[in-house]
Amino acid sequence: MVGGASDIIVKCDAADGSSSNTVIHVFLPSANDATLKAVQFSCGVIEPDFHRLETAYVLRIAPTVSEVTVTATPTNATAKVISHGTGPNGSLRLTANETEVSFEVASADCTLKQRYSLLLRKDKVVPRLVLNKDNLKDSSKLEMDCFLCGDACGKVLARTDGEKDAVLSTMKYE
C-alpha cells in the first residue's frame, strides 16, 4: 500500500468448522497528504470537534487566560507544519478577546498545502467536571453555579437550591 486507506480482512477458522472475519482498517498517509492528525491546546474547548478534513475552528477559553499553547501534529510525520501567530514552542500571549492563528501544512513531497485557521475567543467556558457520590450529599442536585458570581464561570461551585454556604469544590479551567 503506497498511501491511503485499506481494509485488511482476517478470517479465523475454528476447530468446529465455524469461522469469523475481523476487519482491520489501515490508514497510511501518502507523501502528498497535507492534513493535520491532531491539534492540542493547553486549555479551552474546541468547536467543532477536530477532524483532519475540517479547516476552521474556534477555541473557547476563559476570560482570565493570558497564554495558550497550541500544538499541531501532521498526519504524515514527514510533512511540514508552519505556525502563523504562535511562538516557537506553540505559545501564544492573549491580549485581545479574539486572537487568530493558523497552521499551514505542506505535504512531504511539497505538492500540496493546506491551511487550518483557529480563532481563540475569550468567552464563558462551561467547565468539564468530574463529580462522584463523595462530592455530593444529595446526588439529585448536580446543577452547579458559581458561588461568587452566580454563573457557570468555573470558580467556586455551590448547590443551585440557594444554600450558598454549601460550597462543593473549587476548580480551574481545563
Side-chain angles (χ1 to χ4, degrees), residues 2-5 25-132 134-135 142-158 160 167-174:
V2 175
H25 185 73
V26 178
F27 177 77
L28 179 65
S30 66
N32 67 353
D33 190 315
T35 62
L36 290 177
K37 174 172 60 174
V39 179
Q40 296 173 315
F41 314 97
S42 58
C43 64
V45 177
I46 191 171
E47 294 173 355
D49 289 339
F50 181 79
H51 186 277
R52 67 186 192 92
L53 300 178
E54 181 73 38
T55 59
Y57 297 92
V58 173
L59 180 68
R60 295 188 185 282
I61 54 177
T64 57
V65 173
S66 60
E67 185 172 299
V68 175
T69 301
V70 183
T71 306
T73 306
T75 303
N76 184 331
T78 59
K80 303 289 184 236
V81 178
I82 299 169
S83 172
H84 301 281
T86 66
N89 63 351
S91 65
L92 175 64
R93 297 230 11 100
L94 304 172
T95 56
N97 285 336
E98 290 189 352
T99 304
E100 289 187 51
V101 297
S102 65
F103 297 94
E104 186 174 76
V105 183
S107 62
D109 65 2
C110 298
T111 59
L112 293 175
K113 288 185 179 180
Q114 178 72 23
R115 183 176 288 260
Y116 292 80
S117 63
L118 176 64
L119 176 65
L120 289 86
R121 179 176 293 152
K122 289 186 175 187
D123 202 353
K124 288 184 181 179
V125 177
V126 178
R128 297 177 181 160
L129 297 174
V130 177
L131 297 174
N132 60 43
D134 297 329
N135 298 74
L142 291 176
E143 293 183 50
M144 307 292 167
D145 290 323
C146 176
F147 174 72
L148 299 175
C149 68
D151 203 353
C153 71
K155 291 182 182 169
V156 180
L157 301 177
T160 58
V167 175
L168 297 174
S169 67
T170 303
M171 66 167 293
K172 295 180 182 177
Y173 286 98
E174 292 183 322

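Residue numbers count from 1 along this sequence. Side-chain atoms are counted along with the backbone in the values below, which use heavy atoms only and exclude waters and symmetry mates.
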**Request:** Check Leu36, Val105, Asp33 against Arg52 for a side chain to side chain contact (heavy atoms under 4.5 Å, CB included) and give me the one that passes.
**Result:** Asp33

What's the shortest heavy-atom distance between [X] and [Y], and which atoms?
| X | Y | result |
| --- | --- | --- |
| Val70 | Val39 | CG1-CG1, 4.0 Å |
| Arg115 | Ser102 | NH1-OG, 2.7 Å |
| Gln114 | Ala34 | CB-O, 2.9 Å |
| Ala72 | Val81 | CB-CG1, 4.0 Å |
| Ser107 | Ala31 | CB-O, 3.3 Å |
| Asn76 | Ser30 | ND2-O, 3.0 Å |

From [X] atom [atom1] to [Y] atom [atom2], the distance as rounded to the nearest 0.5 Å:
| X | Y | atom1 | atom2 | result |
| --- | --- | --- | --- | --- |
| Thr86 | Leu120 | OG1 | CG | 10.0 Å |
| Leu119 | Arg60 | CG | CZ | 9.0 Å |
| Gln40 | Ile46 | CD | CD1 | 11.0 Å |
| Phe103 | Thr71 | CZ | OG1 | 7.5 Å |

**Item:** Residues forming a ring-ring contact (aromatic ring centres under 6.0 Å, His included) with Phe41, sequence neighbours excluded
**Value:** none

**Asked** Do Thr75 side-chain atoms and Lys37 backbone N/O form a donor-acceptor pair below 3.5 Å?
**Response** yes

**Prompt:** Okay, side chain of Thr111, backbone of Asn32: is any donor-acceptor separation there less than 3.5 Å?
**Reply:** no

**Listed partners of Thr55 passing side-chain hydrogen bond (donor to acceptor under 3.5 Å, both in side chains), at least two apart** = none

**Item:** Heavy-atom neighbours of Glu100 CD exceed 12 at 6.0 Å
**Value:** no

**Prompt:** Considering only heavy atoms from C-beta outward, does the side chain of Cys43 approach that of Val68 to under 4.5 Å?
**Reply:** yes

**Asked** Pairs in or reaching into residues 51-71: which pass ring pair (Phe, Tyr, Trp, His ring centres under 6.0 Å), with residues at least two apart or in two chains?
**Response** Phe50-Tyr57

